[in-house]
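As the structure is a computational prediction, the values presented were derived from the model and not from experiment. The sequence lines fix the lettering, A, B, ..., with proteins before strands; numbering per chain opens at 1.
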Protein chains: 2
Amino acid sequence: MKEGWCSFDISEPNFRPLVVIELAKGTKEETREWLTKRIVDKKANGGAQLLVKPLVTENDDQNIYLVGASHFRLLLGAEAVGLVKECNDNSMRTFTYTSRKTFKDFAEDNHNFLTMAECQYIIKHELENLRAKDEKIIPGYPQAKLYPGKSIVRRLLTNGILVQIFPLHDQEELKKLRHTWYGRVKIGYQPLDEIRCYFGETITLYFGFLEYFTFALIPMAVIGIPYYVFAWEDYDKYVMFATFNLLWSTVILEVWKRFCAVMTYRWGTLLMKRQFEEPRPGFHGVLGINPVTGREEPVYSSIRRQIRIYLVSLPFVCLCLYFSLYVMMIYFDLEQWALDYHQENESNFSSLLLFVPSIIYAVVIEIMNRIYRYAAEFLTSWENHRLESSYQNHLILKVLVFNFLNCFASLFYIAFVLFDMKLLRQSLATLLITSQILNQFAEAFLPYWLQKRHKKRMKKKMFSQKTDTDLSLVEQVSLEKEMGTYFGTFDDYLELFLQFGYVSLFSCVYPLAAVFAVLNNITEIYSDALKMCRVYKRPFAEPTASIGVWQLAFETMSVISVVTNCILIGMSPQVNALFPDSKMDLILTVALVEHVLLAMKFVMAFVIPDKPRDIQIKLARLEFESLEALKQQQMKLAAESLKE
Amino acid sequence: MKEGWCSFDISEPNFRPLVVIELAKGTKEETREWLTKRIVDKKANGGAQLLVKPLVTENDDQNIYLVGASHFRLLLGAEAVGLVKECNDNSMRTFTYTSRKTFKDFAEDNHNFLTMAECQYIIKHELENLRAKDEKIIPGYPQAKLYPGKSIVRRLLTNGILVQIFPLHDQEELKKLRHTWYGRVKIGYQPLDEIRCYFGETITLYFGFLEYFTFALIPMAVIGIPYYVFAWEDYDKYVMFATFNLLWSTVILEVWKRFCAVMTYRWGTLLMKRQFEEPRPGFHGVLGINPVTGREEPVYSSIRRQIRIYLVSLPFVCLCLYFSLYVMMIYFDLEQWALDYHQENESNFSSLLLFVPSIIYAVVIEIMNRIYRYAAEFLTSWENHRLESSYQNHLILKVLVFNFLNCFASLFYIAFVLFDMKLLRQSLATLLITSQILNQFAEAFLPYWLQKRHKKRMKKKMFSQKTDTDLSLVEQVSLEKEMGTYFGTFDDYLELFLQFGYVSLFSCVYPLAAVFAVLNNITEIYSDALKMCRVYKRPFAEPTASIGVWQLAFETMSVISVVTNCILIGMSPQVNALFPDSKMDLILTVALVEHVLLAMKFVMAFVIPDKPRDIQIKLARLEFESLEALKQQQMKLAAESLKE
């Protein structure tokens, strides 16, 4: 292996590979040399000052590089990305190299002060911030234009010279994590802190939310079971259940914010300053002056983007919504046909046939959701948003609206047009359960199985019969680079969001939904964990302080569910029987109750503080300290000036 | 006058008095000496390093001091309070003394670089931040305890040794301002920038909001006039008017935020960092450790405050609300009695008598509002809130709830219990107009008249027949210190808030309300301006970036008005005639429309950005620059460290 070491890293005897860079096969020698030189070059010369080592494989293609960094370099990088760490006095502070001694667990020789995920995040940040100086093109590729300040890695990615950058797994750590996470059968919380050390904050927050949400659903599920078991149909019990659900869903969403603040404070991301956002890799435009940075970079007129959004994307989304409604009407025809068939020739077969349209429809919904997802991604990318966050918001909005309609339109139709509560319950159950089974299958088991097959084949090829942990670095890299890429938590949150819809929108009709949701989520935690550890490439850690726009999405869903549940209760025959003389009084009462519930929701959301008191005090103390420091500095300056 | 100069200010030949300190009569010599010494003492010794001059009056009481500061001291103070000023490149930046040359209009000899209001704000800030060092008591007053870090001025105020601190008027400037503001009859905008230079941002934002709100009401008023003139009663016209009103009120509140951002960006307060909030003067408790600052200061347990709030204040407020409803019922009895009397003996007198109960009720409401206001202030102060902002929020909440019920309960009762649209219109008109007249009288003309009489008497006493501007400093101070104190914009906003309620809650019944509101507001601008310039002591400027909690209050009112207007339209006979067969369809339609309108409101509030695009870009540029500066600094550090 010794010949694999590159000449740059003589200074660092214990090189630890952290990140893998895969270049396209047949990348020109010139380009490779230039890139590695830029990566190892001194900061003062505009380099990233990292360590690079080419990976020598059998076919000796030299297109894979391992990137690492000295411990000292990583500490400086931690300061650059603004990591927040715990100090000796238990407060959380932004790490700086000069104040390093005040941090907990810091020692010059303690290489575990930064977690591996943090080191990989730092390296990714440094690589992405490697900028063109006076290069006009990428050496060897005259068509790949550069301009001063352009991120080299992003240009290489968009030009296909750079295939991928991904962080390496740590087999030792992963094994430990797998064991505590899902290796043994146990009742208890997930090891969120360990997951965070390995996968970073964004992914851990998803698992934290999934776990929290599952626990929060348990009271609903427990209360829901007797409704099914004893076939309770009294209206007062339903009203109680629905009221509990509505207030409960507000409380859990508010309490989650506090829970989230506690976690992210401990992890330091609550205090992390937002970094200035770079244009996303796919963004293109004519070279101009950015009004914010004053730098020359591609600009794209906001009006042209608005035109694309309102004249193309919006009509397309509306068309898709219409199509989805059309498919829904076909489903109802099929349903009617099945019912007619069942009534004509009653048999076991025909009663089974009754469920077939729902199942077909559930499958079709899943397929349409997935196809639409691709279309939405294509359109949003074509809209050419400058920032990743703006791209994400537009994508999420498109996908949410369509998925909401696609999944719930038929239920709304059954509930509020057909007024058929029995059919509503049956459809709800079929949709919920089918979509859960499909998701679990498509998400984890299928990729896992494919991955396992692939691994076996690879191992056979390499003729090595060792276990995972004994794999050589070369084998590990070639295995991992073929693994699928995890595209972020979007799909996972979306699934939870739709599940929340099934549980809360019609909760008073089908109390058992919460039970299925809890059961699904317990297996979901395991299959998602499996997916992260076994199926996908290790994703880069991404610091974050909240679940972002999903909080808003869940809150909106809980507002809509107040309306639907009030209407459903108002329509129930038991409640109708209470107002035998006047339908008007009934409707007025329902409307009044709905408004009171909505007002209570808003007051509760306003009254419950988003952060627990101790976190508030800690944040206030930090703010006070920084203001005091500023004042001290100014007073010193004033005293000096006055002396003169 | 020469003997009046204090020995400390030899260094500054052109002393300009900015702020007046009035001590209690008979304050001990020892205390006065100690206080003046602390004020003029060097910053390094813990003093405020300001200039002080005792004002020598005829009776030679020596209890009034004038405070000023050198130009240089004011510039350092501007840095300490974090003033934001315009730079030569038209960007807004936080002022620092070292970078002073880069600011627009800065010159070492330009004493107008800081406005007088800013200078006075700086002096107030410096005086309030004059803290006890090792004094355990105020010299001469053993009962007035001090502890290190306690604000001396606040302790003096709570002990009654310090009567008041107020900024001096500038007769020259005031005359100019009065002339451009309300001196000549003209149609046009108020000179907001000049008002801001003289009175500071909080007051100017109120006048800005008042003007904006008046202009925003004009379309409503214009559309409302033909309804009155032609006595339109068609339902479709009312529906159109109400719908327009509801959407319009959302739009104007959203656009105000943008408008406000533009103004406060220009003034620099949008960018000003929030200062650390000190405990309010009235706060008391046992000496303990503040968990945020770590300083020894009075602490008061949050649980005891909660107990006071929930076990005393809340029941008291409920009792007051009940009492207000009781008074309302008496009003309806009176109303009924007047109606009966009118029907028995029809005459001019009796038809006039019809209006008497409403007028009496309007007067009683005003009186109850004012009494309740004192009770609310007492209670909130007794709740012992640590921060002024928390005190204000609790006070505003108490006052808003009561005033809302007190003013609108009778209208709700008439509309939704009696279903008497004619009486509603009449009550609305009487309440609106009476309260406007009462307010204008109580707020400006009465104090103005009292003030004028007082001034005349003072002048007679002094035997000087000079005009205002020629008054000597002694005369000016003794006149101004007797003027009333302006207690902030609370009452002015409250008046606007209630007016907004009258206009929007029942807009579809009484379109003319907007006309009266516009007329009132035009005179209100003049009477408020008069009040500020002539009646009250000059108030200290207070930097602020928005109208704060009032934005929320107005938005809540506009949400409530969607509900009330939808119900009113639904109740109108014309709409009822549209659904002759089924009351149910009517109610369902109304409920649907209401939900759609509410949803539209929320979407609009979400879609309209709070800040105009150019302000967003400017803010982003500043943020980018500070991030870049940080990065540069870190890179320098890194480069240096790596060199070693």
Side-chain angles (χ1 to χ4, degrees), chain A residues 42-44 49 72-73 75-77 79-80 82 96-98 129 273-277 290-295 302 552 556 559 563 567 582-584 586-588 590-591 594-595 598 602 606 613-614 616-625 627-628 630-631 634-635 637-639 641-643, chain B residues 42-44 49 72-73 75-77 79-80 82 96-98 129 273-277 290-295 302 552 556 559 563 567 582-584 586-588 590-591 594-595 598 602 606 613-614 616-625 627-628 630-631 634-635 637-639 641-643:
Chain A
K42 288 222 182 325
K43 263 277 177 197
Q49 208 156 354
F72 169 65
R73 180 70 192 84
L75 291 178
L76 289 178
E79 180 172 342
T96 61
Y97 186 71
T98 41
N129 273 285
K273 293 259 170 7
R274 207 165 53 87
Q275 299 276 324
F276 185 77
E277 230 181 323
N290 179 327
V292 173
T293 59
R295 285 184 194 151
S302 153
L552 188 69
T556 309
V559 168
V563 182
I567 302 177
S582 149
K583 277 258 176 197
M584 222 181 84
L586 165 70
I587 299 174
L588 288 178
V590 169
E594 186 222 333
H595 282 82
L598 281 177
F602 281 104
F606 194 78
R613 215 181 132 68
D614 61 319
Q616 279 177 27
I617 288 179
K618 282 173 186 163
L619 292 180
R621 194 190 298 154
L622 280 179
E623 203 191 326
F624 171 75
E625 278 173 12
L627 283 173
E628 277 301 287
L630 205 72
K631 218 190 273 170
Q634 277 161 350
M635 268 171 64
L637 179 84
S641 312
L642 286 168
K643 244 186 263 163
Chain B
K42 287 223 184 326
K43 261 282 180 195
Q49 208 156 354
F72 168 66
R73 180 70 193 86
L75 291 178
L76 290 178
E79 179 172 344
T96 61
Y97 186 72
T98 41
N129 273 285
K273 292 259 170 9
R274 205 165 55 87
Q275 298 276 323
F276 185 78
E277 227 181 327
N290 180 327
V292 173
T293 59
R295 284 183 193 150
S302 155
L552 187 69
T556 309
V559 168
V563 181
I567 302 177
S582 150
K583 279 256 175 196
M584 223 181 85
L586 166 70
I587 299 173
L588 288 180
V590 170
E594 186 223 332
H595 281 82
L598 282 178
F602 282 104
F606 195 76
R613 215 182 132 69
D614 61 319
Q616 278 176 29
I617 287 178
K618 281 172 185 163
L619 292 180
R621 193 190 297 152
L622 279 178
E623 203 191 327
F624 170 75
E625 276 173 12
L627 283 173
E628 276 302 285
L630 206 72
K631 220 191 272 171
Q634 278 162 352
M635 267 168 66
L637 179 84
S641 309
L642 287 168
K643 243 186 268 165

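- Separating the OG1 atom in B:Thr556 from the CZ atom in A:Phe606 is a distance of 8.0 Å, to the nearest 0.5 Å.
- Neither the backbone nor the side chain of B:Val559 comes within contact range of chain A, judged by heavy atoms closer than 4.5 Å.
- Of the two parts of B:Ile567, neither the backbone nor the side chain holds a non-hydrogen atom closer than 4.5 Å to a non-hydrogen atom of chain A.
- Neither the backbone nor the side chain of A:Ala591 comes within contact range of chain B, judged by heavy atoms closer than 4.5 Å.
- Using a 4.5 Å cut-off between heavy atoms, B:Gln616 makes no contact with chain A at all.
- Between chain A and the options B:Ile617, B:Leu619, B:Val563, B:Leu622, heavy-atom pairs under 4.5 Å are most frequent for B:Ile617.
- The minimum heavy-atom distance between B:Arg621 and A:Val292, with the atom names listed, is CG-O, 2.8 Å.
- Taking CD from A:Glu594 and NE2 from B:His595, the interatomic distance works out to 3.0 Å, rounded to the nearest 0.5 Å.
- Atom CG of residue A:Asn290 and atom CZ of residue B:Phe624 lie 7.5 Å apart, to the nearest 0.5 angstrom.
- At a 4.5 Å heavy-atom cutoff, the contact between A:Leu552 and chain B is made by side-chain atoms alone.
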